[in-house]
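Only one structure is covered here, and it is reproduced in the block below.
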Amino acid sequence: MINLFDTAISRTAPIGQSQEQTIGIYVCGSTVYGPPHIGHGRFALVYDILWRYLEYLGYQVSFVSNVTDLDDKIIDRAKSEGRSWKSVALQYEEQWWHDMELLNVRRPHHTPHATDYIDQMIELISKLEEAGYAYRLDDGVYMQVDKVPSYGLLAHQDLATLRSGARIAVDAAKNSPLDFALWKAAKPGEPSWDSPFGKGRPGWHTECVVMANSLLGKDFLLHGGGLDLCFPHHENERAQAAALGMDFAEHWMHNGLVEVGGQKMSKSLGNYTTLEDICQRHDPSAYRLLVLQSSYRSPLEVTPELMEDGEKALARIYSLDRRLSDIATSVDSVDSDLSLDRANIEEVKNDFQKYMNDDLNTPSAMALLFVSLRQANNLLDANNLAEGYNLGKFVIDMFYMLGIKSYVAEVEISDELQILLRERNEARDNRDFVKADVLREKIKSLGYSIEDSASGAKLRAL
RNA sequence: GGCGGCGUGGCCGAGUGGCUUAGGCAAGGGCCUGCAAAGCCCUGUACCCCAGUUCGAUUCUGGGCGCCGCCUCCA
């Protein structure tokens with residue numbers, strides 16, 4: 001059983017008390033209007049990690065994350081680039097999945113598109129109107145939030161306080177500045193659908209309610225998203241569900257934001273780095289490790305220096321992995337031993353789960369894994385193969401379980417490399433180290449480093 | 001202005017009323033090696049400021065200072 005911080009009650013609460021129950025998770029996904037940046041990458045990683053861990057614990061998970069393919073920003077971009085909003089959405093959705101693959105973020109079980117749920121959204125808005133929670137203005141249908149008794153649950157503020165702070169930008173006709181658009185009346189040149197409220201398109205807050213309910217049922221376990229969605233987006237989702245008597249999400253989870261120089265990374269501030277960019281410059285797993293080494297609820301700075309730190313730490317993981325593979329393939333005689341001696345792993349395993357279950361304390365879990373990694377190397381150094389192998393295997397398994405990509409170097413040894421390597425070995429046998437070093441440099445210039453060991457020289461891709 | 005959060009060693013970042021230490025990266029020393037690489041061992045530098053509670057606070061309480069998020073599209 002895992003404890004997670006619940007934004008609705010401002011403290012941690014257990015989830016998944018019954019193994020029988022499928023854990024339904026809905027995470028507000030991407031609005032596909034531009035290239036995703038590392039802030040988007042963080043939420044994707046956080047929930048990917050949660051999902052992987054829940055499965056590791058043996059839970060049945062149904063993971064849903066939407067694609068908002070209809071939105072003001074998509075339409076704006078399409079206008080300014082003189083093309084259709086659909087082509088904009090399509091292009092950036094493609095980019096989104098491409099970048100997710102780079103990050104080793106698994107595709108959710110369901111990735112509903114807003115445009116596929118227009119009818120159901122219309123239905124929901126009609127119900128809200130019938131129940132007296134919505135009212136019409138010239139430019140659309142609005143949700144009257146003060147009719148929802150629990151409104152403000154996620155904001156943790158009085159309606160009155162909120163109202164005083166809200167900027168009333170455009171619509172003085174609204175009953176309250178907090179009221180939000182359920183349906184936006186059609187404007188010339190914009191996509192629109194027929195509805196009982198006239199031609200138009202649904203507001204942003206409605207899609208998640210409809211898609212979550214269609215795919216996960218009227219109540220589900222966990223709703224997640226970036227901290228900046230907590231209010232008003234999630235509050236407004238809740239309001240619609242609550243108005244119609246649905247339980248909706250039992251638990252609300254929000255991840256901290258990526259910051260740049262202490263400021264939130266966002267498209268509007270222009271201080272963003274795209275995911276593609278960072279994945280090209282660095283091992284994408286380094287970003288995942290960075291996310292794992294910090295608390296998911298805290299702000300996170302992502303600098304090139306930190307990415308490099310992460311890459312160096314990854315090198316130790318990969319190195320142990322290679323070491324274990326060599327043992328597994330070369331030492332047949334201890335094969336039977338390798339499966340023994342698992343008892344001492346249990347304690348590490350328990351500690352690992354203890355940290356992970358404590359509101360996903362991944363930094364402590366990482367610390368434990370790195371300590372164990374060192375111990376495993378130590379044991380192997382002492383030629384304690386079975387114990388070292390088992391501990392090391394556990395460490396590697398956990399890193400990979402959390403989505404750090406497997407990396408067992410499969411060096412494609414070309415004929416040229418083969419010859420160079422053989423010549424160097426001969427030179428070393430002849431104690432002609434000058435020649436050996438020249439050859440090592442040559443091999444290095446081809447992109448491979450050499451690690452000499454008792455079992456011979458090994459090549460490693462740089 | 002309202003609400004929420006944060007301030008830890010060179011950098012990032014956990015955690016705890018005292019017990020020997022988080023961890024990653026960097027730095028210094030060592031082992032191994034022909035030299036390297038990889039790995040391992042050892043080392044240092046902390047808990048924003050002030051008051052209070054306490055035998056004892058980095059950890060609890062109050063105040064101050066600084067920073068951030070939300071209240072408006074936003075992962």
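Letters A, B, ... mirror the listed sequences (proteins, then strands); counts begin at 1.
- Ion pairing between A:Asp72 and A:Arg201 holds under the 4.0 Å rule for side-chain N and carboxylate O.
- Residue contacts for A:Asp452: at a heavy-atom cut-off of 4.0 Å it reaches a base atom on one of the strands shown.
- For the P atoms, the distance from B:C32 to B:C47 is 38 Å, rounded to whole Å.
- Within 4.0 Å of A:Gly39, counting heavy atoms only, lies at least one base atom of the nucleic acid.
- In this model, no side-chain donor or acceptor of A:Asp71 finds a partner on the base of B:C74 within 3.5 Å.
- With both ends at atom C1', the span from B:U16 to B:U58 equals 9 Å, rounded to whole Å.
- The C1' atoms of B:C6 and B:C19 are separated by 29 Å, rounded to the nearest whole Å.
- Summarising the geometry, the separation between CG on A:Asn377 and P on B:C41 is reported as 8 Å, rounded to the nearest angstrom.
- A straight line from CZ of A:Arg323 to C1' of B:C40 spans 9 Å, rounded to a whole angstrom.
- Among the atoms of the strands shown, base atoms are found under 4.0 Å from some heavy atom of A:Glu451.
- Sorted by first and then second residue, the ring-ring contact (aromatic ring centres under 6.0 Å, His included) pairs involving residues 257-301 of chain A (not counting sequence neighbours) are A:His37-A:Tyr272.
- Taking atom P in both B:G18 and B:U61, one finds a spacing of 15 Å when rounded to whole Å.
- A salt bridge is absent between A:Lys187 and A:Asp139: the closest approach of a Lys/Arg side-chain nitrogen to an acidic carboxylate oxygen does not fall below 4.0 angstrom.
- At whole-Å resolution of the value, CG in A:Asn271 and P in B:C68 are 13 Å apart.
- In this model, a side-chain donor or acceptor of A:Arg440 finds a partner on the base of B:A36 within 3.5 Å.
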Donor-acceptor contacts under 3.5 Å from residues 43-50 of chain A side chains, at least two apart:
{"from": "A:Tyr47", "atom 1": "OH", "to": "A:Gly225", "atom 2": "N", "distance (Å)": "2.8"}
{"from": "A:Tyr47", "atom 1": "OH", "to": "A:Gly225", "atom 2": "O", "distance (Å)": "3.1"}
{"from": "A:Tyr47", "atom 1": "OH", "to": "A:Met253", "atom 2": "O", "distance (Å)": "3.2"}
{"from": "A:Tyr47", "atom 1": "OH", "to": "A:Asn255", "atom 2": "OD1", "distance (Å)": "3.4"}
{"from": "A:Asp48", "atom 1": "OD1", "to": "A:Arg106", "atom 2": "N", "distance (Å)": "3.0"}
{"from": "A:Asp48", "atom 1": "OD2", "to": "A:Arg52", "atom 2": "NE", "distance (Å)": "2.7"}
{"from": "A:Asp48", "atom 1": "OD2", "to": "A:Arg288", "atom 2": "NH1", "distance (Å)": "2.9"}
{"from": "A:Asp48", "atom 1": "OD2", "to": "A:Arg288", "atom 2": "NH2", "distance (Å)": "2.8"}

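- The interatomic distance linking A:Arg460 (CZ) with B:A37 (C1') rounds to 8 Å, in whole Å.
- Nucleic acid contact for A:Arg11: none, since no nucleic acid atom lies under 4.0 Å from a heavy atom of the residue.
- A:Asn255 comes within 4.0 angstrom of a nucleotide base, judged by non-hydrogen atoms across all strands.
- For the C1' atom pair drawn from B:C55 and B:C70, the interatomic distance equals 44 Å after rounding to whole Å.
- Residue-to-nucleotide contacts include a donor-acceptor pair under 3.5 Å from the side chain of A:Arg428 to the base of B:G34.
- If you take CD of A:Glu308 and C1' of B:C25, they are 10 Å apart, rounded to a whole angstrom.
- With hydrogens and angles ignored, no donor-acceptor pair closer than 3.5 Å exists between the side chain of A:Lys73 and the base of B:C74.
- The nearest whole Å value for the distance from the CH2 atom in A:Trp96 to the P atom in B:A75 is 9 Å.
- Backbone-only contact: A:Gly29 has heavy atoms under 4.0 Å from sugar-phosphate atoms and none from a base.
- Using a 4.0 Å heavy-atom cutoff across all strands shown, A:Glu259 reaches sugar-phosphate atoms only and no base atom.
- In this structure, CD of A:Glu207 is placed 14 Å from C1' of B:C73, rounded to the nearest angstrom.
- Heavy-atom distances under 4.0 Å link RNA chain B to A:Ala367, A:Phe370, A:Val371, A:Arg374 of residues 367-375 of chain A, given in residue order.
- Between A:Asn378 and the phosphate of B:C41, there is a side-chain N or O to OP1/OP2 separation shorter than 4.0 Å.
- Using the Watson-Crick or G-U wobble rule with both distances under 3.5 Å, B:G39 pairs with B:C31.
- Separation of the P atoms belonging to B:U21 and B:A46 is 14 Å when rounded to the nearest angstrom.
- Put simply, CD on A:Gln157 is 13 Å from C1' on B:G5, counting in whole angstrom units.
- For the pair A:Ser294 and A:Arg42, both in contact range of RNA chain B, the more 5′-proximal nearest nucleotide belongs to A:Ser294.
- A:Ser294 places a side-chain N or O within 3.5 Å of a backbone atom of A:Val291 that can act as its donor or acceptor partner.
- A:Lys312 comes within contact range of the sugar-phosphate backbone alone, with a heavy-atom separation under 4.0 Å but no base atom that close.
- For B:C49 and B:G10, the P atoms lie 14 Å apart once the distance is rounded to whole Å.
- Between A:His223 and A:His251, the ring center distance fails the sub-6.0 Å criterion.
- Of all nucleotides present, only B:U61 satisfies the Watson-Crick or G-U wobble test against B:A51, with each distance under 3.5 Å.
- Residue contacts shown for A:Leu306 are limited to sugar-phosphate atoms, with no base heavy atom under 4.0 Å away.
- Of all nucleotides present, only B:G24 satisfies the Watson-Crick or G-U wobble test against B:C11, with each distance under 3.5 Å.
- Contacts of A:Ser453 with the nucleic acid, taken as non-hydrogen atoms under 4.0 Å apart, are absent.
- Ring geometry for A:His254 against A:His234 counts as tilted: the plane angle lies between 30° and 60°, on a 0 to 90° scale.
- Where A:Asn361 and A:Ser10 meet RNA chain B, the nucleotide closest to each residue was compared, and A:Ser10 sits on the side nearer the 5' end.
- Comparing B:C35, B:G2, B:G69 by their nearest atom to the side chain of A:Leu257 picks out B:G69.
- Under the Watson-Crick and G-U wobble criteria, each requiring two contacts below 3.5 Å, nucleotide B:C67 is paired to B:G5.
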